[in-house]
2 protein chains.
Amino acid sequence: MTETARLSWKDVRDAIHARILDSTYGPGDKLPKDQCLAEQLGCARTTVQRAMRDLSDSGIVERRRKGGTHVRADPVTRATLDIPITRKEVEQKGAVYGYQLVNLGSLEAPLAVRTKFELSGPTTMLHVEALHLADHRPYIFEDRWVSIDTVPEIADVDLSVESANEWLVRNRPYSRCDLRFYAIKASKRHARLLDIAPDEALFVMERTTWIGTKPITTVKAVTTPGYQLLTEI
Amino acid sequence: MTETARLSWKDVRDAIHARILDSTYGPGDKLPKDQCLAEQLGCARTTVQRAMRDLSDSGIVERRRKGGTHVRADPVTRATLDIPITRKEVEQKGAVYGYQLVNLGSLEAPLAVRTKFELSGPTTMLHVEALHLADHRPYIFEDRWVSIDTVPEIADVDLSVESANEWLVRNRPYSRCDLRFYAIKASKRHARLLDIAPDEALFVMERTTWIGTKPITTVKAVTTPGYQLLTEI
DNA sequence: TGACATAATATGTGCATACATAATAATCAA
DNA sequence: TTGATTATTATGTATGCACATATTATGTCA
């Protein structure tokens, strides 16, 4: 009944977060310095530091050397997205995964692709179009360009059997990844491939990856109507 | 020329990451234990721990007590999304921000809303529809429900002047937030409000927030054609 | 006054150490 | 063989301390 267990950094984080939530410290306010909070709460400064890093990662506070710690004045909604391999995603839902190569060829990358990769000159790339199926129905149509320079081994992969999505993600780790999400109206070709009505609204996920400064792949994943992307809870 | 500067945890992280990238350790492989890596690299275990936590947060490795550290067998694309206040987003683009209240009323929350909040009984909530403008053109249409129980002060806010988006985010921090993204076909009402053609494909962001277990607000932000959501670089 | 060097300061990092915790492996009883 | 108990082990956490680094505040000189 005298001393309870020592404080964990999560306790400290929650204590500080609670003070922000109950407006003890409002948006833009400066928080006491680590050392001070450590004394107030009865722990080491290292523990406060650990807690603060978490709050900072979550976008709740901002820290600057010498400047101190402030509650973010313009809060942002910060979330972490996990995009799994499509096969895993389908299996996760309890559906049967299927894969179907639609089109494959080595050709000049269009300007849009070169722009994504920040390439200037003309470049030949591998173009792969494929369907991912869930329970034998179209699920996602992927339109992919792969850098032959960076990933020459892709030529030896039988893309009619194994999806480029899976092979690349397993064999070609990346060091940089850009994502973008938007909506498009289904073209006639999309409608035919995905077996839906034309003019349907489709959710699109675009992903571009590099290893160092060298481009690996860029893929446009066109989902079927009803598809939703959720954040982790 | 004997001893260089001591290793930073970022150096250690990059060294380990490099070994994963060059397939010294492939997907699913077990990594040496922290202590061992610390000796190999010439630093304290704490430093390896710090590096490993970062790799773990990035989804590159998985760690389990006693089980050790493994390179993720099923890599996921993990990214952090920042969704700012809409006004800030518009101003960031160098456009003039505008706001326009479309509809306001206190009424019975529909089932879809109650489901999102995991509420069982009938509940009266504040329903707010508003337009965010960029350079005097419609930018985002927001369809929002606010819990009057949790946020009674919302009744005193003049929502014809200040957006609920901004007031809530500044005055009502949340402890939990769910996000979902998808595409819809513009209804006639959407078309009229957003000044676009009907049947256009629109990108939608839905956000639901709680404080503890108490619901705060759920909002469906319907964007105009061409809108793209990007990850941070 | 303004430019530039200098001091002060809050956060960031590295390390040694001790102990906590979770998950596995080993052990032993029934 | 099975099932419960116990030991082992790799990661996780807390602490004190010293020093690094970035940034602000101060002071100095032209």
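Chain letters run A, B, ... following the sequence lines, proteins first and then strands; every chain starts at 1. Owing to the predicted nature of the structure, the values given are computational and were not obtained by experimental measurement.
Applying the 4.0 Å criterion to OP1 and OP2 of D:dT11, one finds that B:Arg63 has a side-chain N or O inside that range. Not one side-chain nitrogen or oxygen of B:Gln49 sits closer than 4.0 Å to the OP1 or OP2 atom of D:dT11. For the OP1/OP2 pair of D:dA10 and a distance below 4.0 Å, the side-chain nitrogens and oxygens of B:Thr69 include no atom meeting the criterion.
A:Arg50 places its CZ atom 18 Å from the P atom of D:dG16, with the value rounded to the nearest Å. Whole-Å rounding puts the A:Lys66 NZ to C:dT6 C1' distance at 12 Å. Straight-line distance from the CG atom of B:Asp54 to the P atom of C:dG14: 12 Å, rounded to whole Å. In this structure, A:Arg65 atom CZ and C:dA7 atom P are separated by 20 Å, rounded to whole Å. If you take CD of B:Glu39 and C1' of C:dG14, they are 17 Å apart, rounded to a whole angstrom. The distance from atom CE of B:Met52 to atom C1' of D:dT13 is 17 Å, rounded to the nearest whole Å. In this structure, B:Glu62 atom CD and C:dA22 atom P are separated by 18 Å, rounded to whole Å. Atom CZ in B:Arg6 sits roughly 8 Å away from atom C1' in D:dA18 (whole-Å rounding).
Scored by the ring-ring contact (aromatic ring centres under 6.0 Å, His included) test, A:Tyr97 finds A:His132 as partners (sequence neighbours excluded).
Checking B:Thr69 against B:Arg63 by side-chain atom types alone, a donor-acceptor pair falls below 3.5 Å. Remark: the B:Tyr182 side chain and the B:Glu206 side chain contain an N/O donor-acceptor pair separated by less than 3.5 Å. For the residue pair A:Asp149/A:Ser147, the side-chain donor-acceptor check at 3.5 Å is not satisfied. A donor-acceptor pair shorter than 3.5 Å can be found between the side chains of B:Thr217 and B:Arg144. For the residue pair A:Arg114 / A:Thr123, no side-chain donor-acceptor distance below 3.5 Å is found, with atom types taken as modelled. Of the N and O atoms on the side chains of B:Thr86 and B:Asn165, at least one donor lies less than 3.5 Å from an acceptor on the other residue.
Residue-level contact check: B:Gly67 touches neither bases nor backbone, having no heavy atom under 4.0 Å from any strand. Heavy atoms of B:Thr47 sit under 4.0 angstrom from primed sugar atoms or phosphate atoms, though from no base atom.
When each of A:Thr46 and B:Arg45 is assigned the nucleotide of DNA chain C bearing its nearest heavy atom, the one mapping closer to the 5' terminus is A:Thr46. In terms of position along DNA chain D, the nucleotide closest to B:Arg64 lies nearer the 5' end than the nucleotide closest to the other residue of the pair B:Arg64 and A:Trp9.
DNA chain C is contacted by A:Lys33, A:Asp34 of residues 25-35 of chain A, taking any non-hydrogen atom closer than 4.0 Å.
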